[in-house]
Amino acid sequence: MLRTHTCGELNKAHIGQEVVLCGWARSIRDHKDIIFINLTDCYGWTQVCMTPAQAAGINKEDYLQIKAKVIPRPPESLNTKIPTGEIEVQCIEYTIISKCTKELPFEILDNLDIREDIRLKYRFLDIRRPIMYSRLRFRSRLVKAVRQALEQERFLEVETPMFVRSTPEGSRDFLVPSRIFPGQFYALPQSPQLYKQMLMIAGVDRYYQFPHCFRDEDPRRERQVVHTQIDLEMSLVSQEDIFNVVEKIMYSAYKELFGVELKLPFPHYTYYEVMRRWGIDKPDLRFGMELVDLADAIPGCGFSVFEEAIAKKHYVKGIVAPGCAHFTRKKLDELEAFAKTFQVKNLFTFKVHNHALEGNASKKVQPQTLQKILELSQAKEGDLILVCAGPYNFLHRALAELRKLLGKELNLIDRSQLQFLWVTDFPLFEWDEEAQRWAPMHHMFTMPNPKYLDTLEQNPGEVTGILYDLVFNGVELGSGSLRITSPELQKRIMKMIGMSEEQAYARFGFLLDAYQFASPPHGGMGIGLDNLAMTLLGLENIREVIAYPNASNGTFLHDGSPALVEQDQIDELHIAIKQPKPEPEKKA
RNA sequence: GGGGUCGUAGCUCAAUUGGUUAGAGUCCUGGACUGUCGAUCCAGUGGUUGCGGGUUCGAGUCCCGUCGGCCUCGCCA
């Protein structure tokens with residue numbers, strides 16, 4: 001090794017020793033007769049003292065190897081903020097191993113406020129910042145804790161293919177053209193789903209992996225085109241068995257990372273219960289403001305918007321914003337505009353004033369209705385009631401987002417709480433308006449709840465699956481299901497979503513075949529690792545926990561991909577590039 | 001694909017109603033200074049105002065287009 005110690009480990013015990021340290025010169029403080037340099041590596045930093053003659057020619061971020069003697073600091077110069085703060089090292093001799101010859105695009109500081117694309121382009125400098133290194137380390141420890149918990153439970157780590165058959169269902173595939181077979185393509189896996197199922201058929205019994213998953217969809221704050229999962233699958237299990245294992249994983253992670261012992265088991269709620277009470281399948285239970293169903297107040301209310309909603313079997317529901325009756329017209333307009341981004345057509349507000357309701361819609365409904373709304377909502381003096389009328393999905397989404405927004409703005413969230421929960425019994429299908437057919441909510445290999453087995457086809461919308469999500473503080477960490485292992489049942493499901501047997505075999509023949517060779521019943525779960533790391537750190541940008549993330553347009557700024565390639569390479573792949581037509585020149 | 005917002009020195013920002021030579025902090029360079037620790041003090045370098053058009057006597061500022069960042073809706077079994 002070119003060093004005897006790291007820059008973070010020297011302390012009083014080393015005083016008098018001669019050591020060799022390597023690191024970057026992060027801060028150079030010249031006091032004429034003595035020069036201080038913070039020699040830094042990812043483990044910390046050590047103050048190096050140099051004479052003016054020695055320090056000549058050293059620039060910030062030069063990479064140095066320093067032979068030095070460990071000496072105590074003068075009592076008035078102790079630095080209690082860092083572990084090495086009781087000592088410093090007196091430079092004996094040094095080598096500049098590598099010069100920093102360019103001006104830094106930004107300073108290597110933890111509290112940095114610059115455009116993110118610059119950080120992404122110079123990611124190697126960004127990661128030199130201690131806060132970024134600590135996030136990578138956090139993630140590494142998280143993976144280690146999860147792995148330990150899984151190994152403890154006799155899971156076997158198995159890698160699944162990175163080149164797979166394209167499955168046009170679900171999200172868009174990334175495709176890789178075949179050189180050897182013109183016109184044929186590999187796909188990068190959206191998830192290892194089918195391959196882990198086949199591992200169960202293979203008798204692996206308990207599988208896990210931290211696979212990369214590729215989805216060619218527009219990225220988001222909490223989403224990447226390439227993300228990492230904690231993926232697992234188990235044979236011979238009930239839903240509860242999987243919950244147990246995942247709870248152990250989360251327990252292990254919390255213990256390792258925060259020294260906190262989570263309370264197990266996590267509570268369970270059904271999908272329809274969380275939708276009814278919080279309007280969303282991943283509710284944040286750290287604060288109240290549950291949705292209130294106002295349907296009972298509507299008959300005879302005199303307001304056509306409400307009455308028509310009920311007549312159409314839509315909903316009229318609301319939430320109570322505590323102490324918000326003072327909101328200005330402008331603020332209420334903002335809330336309405338916010339709600340409308342979620343495709344509801346209206347938002348009505350009622351202020352509780354002198355134990356009566358006032359507000360934009362209060363004159364449109366009968367007085368007895370107002371009284372009923374007040375009772376149903378249990379709103380108190382000074383509260384604001386926000387009411388929406390509309391179809392199930394849009395209405396619940398809008399109210400849930402309003403609840404989330406107000407919970408944040410009104411500071412209602414108790415940040416000391418760790419609200420894990422399981423959401424179970426999701427519907428198996430959802431109606432695809434565009435395609436005019438039923439589509440699987442999760443994926444088509446999900447086991448329906450047994451009680452619907454005889455009547456699947458009669459009312460697909462009511463069928464629930466053995467299908468569950470793990471939710472934490474309003475964030476969906478992962479989802480999973482028990483799988484269909486019967487080829488007959490699988491065929492029925494495929495037929496229900498409008499897939500002919502021919503199509504099914506063309507796409508999934510390998511899996512359907514496999515299930516004809518006898519399979520143990522099995523199920524599993526996938527948890528988004530990036531998302532989990534971000535959430536546990538309380539961050540809101542997934543790129544902060546990924547070494548080389550993509551920017552929000554899906555490009556990678558650290559190496560400039562995607563990029564053009566040589567025509568030869570394209571020719572070898574037997575493909576032609578169809579350039580978008582250039583815009584016609586505008587007349588002057 | 002839609003909407004919002006931003007783009008001025010390496011970085012973070014300012015620049016009055018469209019009006020003189022586009023400023024400040026920081027970084028960098030040089031100098032001063034026995035103890036700093038994101039040192040301090042002094043001086044200096046540093047600009048195609050993202051790019052292309054247009055309006056105007058005059059554009060960082062107004063208009064059109066375009067490119068890029070971030071957020072968001074759609075999308076994401």
Side-chain angles (χ1 to χ4, degrees), chain A residues 26-40 45-49 51-52 59-61 73-82 84-85 88 100 102-122 125 129-130 167-173 190-191 193-194 213-225 227 337-338 340-343 394 397-398 401 426 428-430 432-435 438-446 465 467 476 479 481 493 497 499 526 528 540-541 543 551-555 557 582-583 585-588:
Chain A
R26 186 119 322 153
S27 162
I28 303 169
R29 299 176 297 280
D30 183 344
H31 289 264
K32 188 163 191 180
D33 293 336
I34 185 166
I35 287 110
F36 300 108
I37 293 178
N38 289 355
L39 196 72
T40 312
W45 56 270
T46 299
Q47 175 159 287
V48 179
C49 306
T51 64
N59 294 94
K60 213 179 214 186
E61 291 301 313
R73 290 196 185 199
E76 68 276 14
S77 299
L78 299 180
N79 186 338
T80 52
K81 289 180 214 156
I82 55 167
T84 62
E88 58 196 9
C100 179
K102 281 186 81 167
E103 185 176 356
L104 298 164
F106 52 84
E107 294 175 70
I108 315 293
L109 294 173
D110 273 352
N111 42 355
L112 190 65
D113 179 25
I114 62 164
R115 282 219 321 264
E116 199 178 354
D117 53 316
I118 299 165
R119 290 176 53 202
L120 292 175
K121 181 175 176 189
Y122 297 97
L125 294 178
R129 298 161 57 222
T167 53
E169 293 74 25
S171 57
R172 197 177 293 115
D173 280 324
Q190 296 172 27
S191 86
Q193 187 60 40
L194 308 181
C213 302
F214 304 85
R215 292 176 191 182
D216 191 4
E217 298 291 347
D218 292 358
R220 282 286 176 79
R221 181 169 46 77
E222 76 292 353
R223 183 163 94 195
Q224 287 272 297
V225 293
H227 75 277
F338 177 77
K340 283 180 173 174
T341 64
F342 303 101
Q343 307 180 63
F394 296 156
R397 174 84 197 278
E401 295 289 346
F426 276 76
L428 199 58
F429 304 104
E430 58 190 342
D432 183 340
E433 199 60 48
E434 205 176 313
W438 292 99
M441 183 114 162
H442 184 54
H443 57 59
M444 69 172 88
F445 312 107
T446 303
L467 175 51
E476 182 209 310
S479 58
S481 63
I493 299 284
I497 60 173
M499 188 181 284
E540 294 198 329
N541 178 343
R543 295 181 289 271
S552 78
N553 60 359
T555 63
L557 300 177
E583 290 286 316
E585 284 289 313
K586 281 225 170 117
K587 280 173 195 163

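First the proteins, then the strands, lettered A, B, ... as listed; each starts at 1. Here the structure is a predicted model, which means the values were calculated and not measured.
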Can you tell me if the side-chain N/O atoms of Q343(A) get under 4.0 Å from OP1 or OP2 in rG74(B)? yes

Nearest to the D117(A) side chain among rG35(B), rG69(B), rC13(B), which nucleotide is it? rG69(B)

Given atom CD of E540(A) and atom P of rC71(B), what is their separation to the nearest angstrom? 11 Å

Touch check for S77(A), heavy atoms < 4.0 angstrom, all strands: base, sugar-phosphate only, or nothing? base

How many whole angstroms separate atom CD1 of I35(A) from atom P of rG35(B)? 12 Å

For L39(A), report the nucleic acid contact type (base, sugar-phosphate, nothing); a contact means any heavy atom under 4.0 Å. nothing

For the pair made of CZ in F214(A) and C1' in rC75(B), what is the distance, rounded to whole Å? 20 Å

Return the nearest nucleotide to the side chain of N59(A); candidates are rU29(B), rG35(B), rC27(B). rU29(B)

Which whole number of Å gives the distance between the C1' atom of rG4(B) and that of rU56(B)? 30 Å

Starting from C1' on rU72(B), measure out to CG on N553(A) and report it in whole angstrom. 15 Å

Restricting to non-hydrogen atoms, name the atom on F106(A) and the atom on L125(A) that form the minimum distance, rounded to 0.1 Å. CZ-CB, 3.8 Å

How far, in whole Å, is rC11(B) from rC27(B) if one measures between their P atoms? 15 Å

Which heavy atom in I493(A) sits nearest to a heavy atom in M444(A), and how many Å separate them? CG2-O, 3.7 Å

Please give, in whole Å, the distance from rU34(B) C1' to E88(A) CD? 12 Å

Looking at every non-hydrogen atom in both residues, tell me the closest pair between R397(A) and F342(A) and how far apart they are. NH2-CE2, 3.3 Å

Selection from rU36(B), rC11(B), rG38(B) that lies nearest to any side-chain heavy atom of Q47(A): rU36(B)

Nearest to the side chain of P74(A) - rG10(B), rG35(B), rC27(B)? rG35(B)

Looking only at N and O atoms, is any donor in the side chain of N111(A) or the base of rG38(B) less than 3.5 Å from an acceptor on the other one? yes

Phosphate oxygens OP1/OP2 of rC71(B): is one of them under 4.0 Å from a side-chain N or O of R115(A)? no

Classify the nucleic acid contact of N79(A) as base, sugar-phosphate or nothing, counting any heavy atom under 4.0 Å across all strands shown. base

Expressed in whole Å, how much space separates the C1' atoms belonging to rC57(B) and rG69(B)? 37 Å

Whole-Å distance between rC76(B) P and H443(A) NE2? 16 Å

Interatomic distance where CG belongs to D110(A) and C1' belongs to rC37(B) [whole Å]: 15 Å

Side-chain atoms of E107(A) come closest, of rU26(B), rC76(B), rU36(B), to rU26(B)

Side-chain contact, heavy-atom cut-off 4.5 Å: W438(A) with L428(A)? no

Strictly distance-based, threshold 3.5 Å: is any side-chain N or O of R172(A) a donor or acceptor partner for the main-chain N or O of D216(A)? yes

Using the C1' atom on both, measure rA22(B) against rG60(B) and round to a whole Å. 8 Å

Hey, does the side chain of H31(A) come within less than 4.0 Å of rU36(B)'s phosphate (OP1/OP2), counting only N and O? no

Among rG69(B), rC13(B), rC28(B), which nucleotide sits nearest the side chain of D113(A)? rC13(B)

Return the minimal non-hydrogen interatomic distance between E61(A) and C100(A), and the atom names on each side. O-CB, 3.4 Å

Taking the side chain of K32(A) as heavy atoms from C-beta outward, which of rG74(B), rU34(B), rC37(B) is closest to it? rU34(B)

Options rU12(B), rC76(B), rG69(B), nucleotide nearest the side-chain atoms of R223(A): rC76(B)

Is there a donor and acceptor pair, one atom on the side chain of E217(A) and one on the base of rG74(B), closer than 3.5 Å? no

By the 4.0 Å heavy-atom rule, please label D218(A) as base, sugar-phosphate, or nothing. base

Is a donor-acceptor pair below 3.5 Å formed from side chain R220(A) to base rG74(B), judging by atom type as modelled? yes

Does OP1 or OP2 of rC70(B) have a side-chain N or O of S552(A) closer than 4.0 Å? yes

Considering only atom P, compute the distance from rC76(B) to rC67(B) and round it to an integer number of Å. 26 Å

Regarding I118(A), tell me which of base, sugar-phosphate or nothing describes its non-hydrogen contacts under 4.0 Å with the strands shown. sugar-phosphate

Remember a base hit wins even if backbone is also touched, and classify K81(A) as base, sugar-phosphate or nothing at under 4.0 Å, heavy atoms. nothing

Which heavy atom of E107(A) sits nearest a heavy atom of L112(A), and at what distance? O-CD1, 3.5 Å

Suppose you measure atom C1' in rG65(B) against the same atom in rU72(B); what distance do you get, rounded to whole Å? 24 Å

So if I take every side-chain heavy atom of L120(A) and compare against rC70(B), rC71(B), rU36(B), which nucleotide ends up nearest? rC70(B)

Under the 3.5 Å rule, do the base of rC37(B) and the side chain of R73(A) count as making a donor-acceptor pair? yes

Ring of F106(A) versus six-membered ring of rC11(B): centres under 5.5 Å and planes under 30°? no

For E116(A), answer base if it contacts any base atom (sugar-phosphate contacts may also be present), sugar-phosphate if it contacts only those atoms, and nothing otherwise; contact means non-hydrogen atoms under 4.0 Å. sugar-phosphate

Mate of rC37(B) across any strand shown (Watson-Crick or G-U wobble, both atom pairs under 3.5 Å) is none

Which whole number of Å gives the distance between the C1' atom of rG68(B) and that of rU49(B)? 16 Å

Where the side chain of R221(A) meets the backbone of E540(A), is there a donor-acceptor pair that is under 3.5 Å apart? yes

Okay, side chain of R73(A), backbone of L78(A): is any donor-acceptor separation there less than 3.5 Å? no

Would you please confirm or rule out a distance under 4.0 Å between OP1 or OP2 of rU72(B) and any side-chain N or O of R221(A)? yes

In this structure, how many angstroms lie between the C1' atom of rG50(B) and the NZ atom of K121(A), rounded? 13 Å

Checking all strands, does D30(A) fall into the base, sugar-phosphate, or nothing category for heavy-atom contacts under 4.0 angstrom? base

Over all strands shown, is R543(A) touching base, sugar-phosphate only, or nothing at heavy-atom distances under 4.0 angstrom? sugar-phosphate

Select base, sugar-phosphate, or nothing to describe what F342(A) touches, counting heavy atoms under 4.0 Å on all strands. sugar-phosphate

Looking only at side-chain atoms of L109(A), point me to the closest of rG38(B), rC37(B), rC11(B). rG38(B)

Main-chain N/O of D218(A) paired to R223(A) side chain as donor or acceptor, under 3.5 Å: yes

NA contact type, T446(A), heavy-atom cut-off 4.0 Å: base, sugar-phosphate, or nothing? nothing

How far, in whole Å, is rC64(B) from rC28(B) if one measures between their C1' atoms? 39 Å

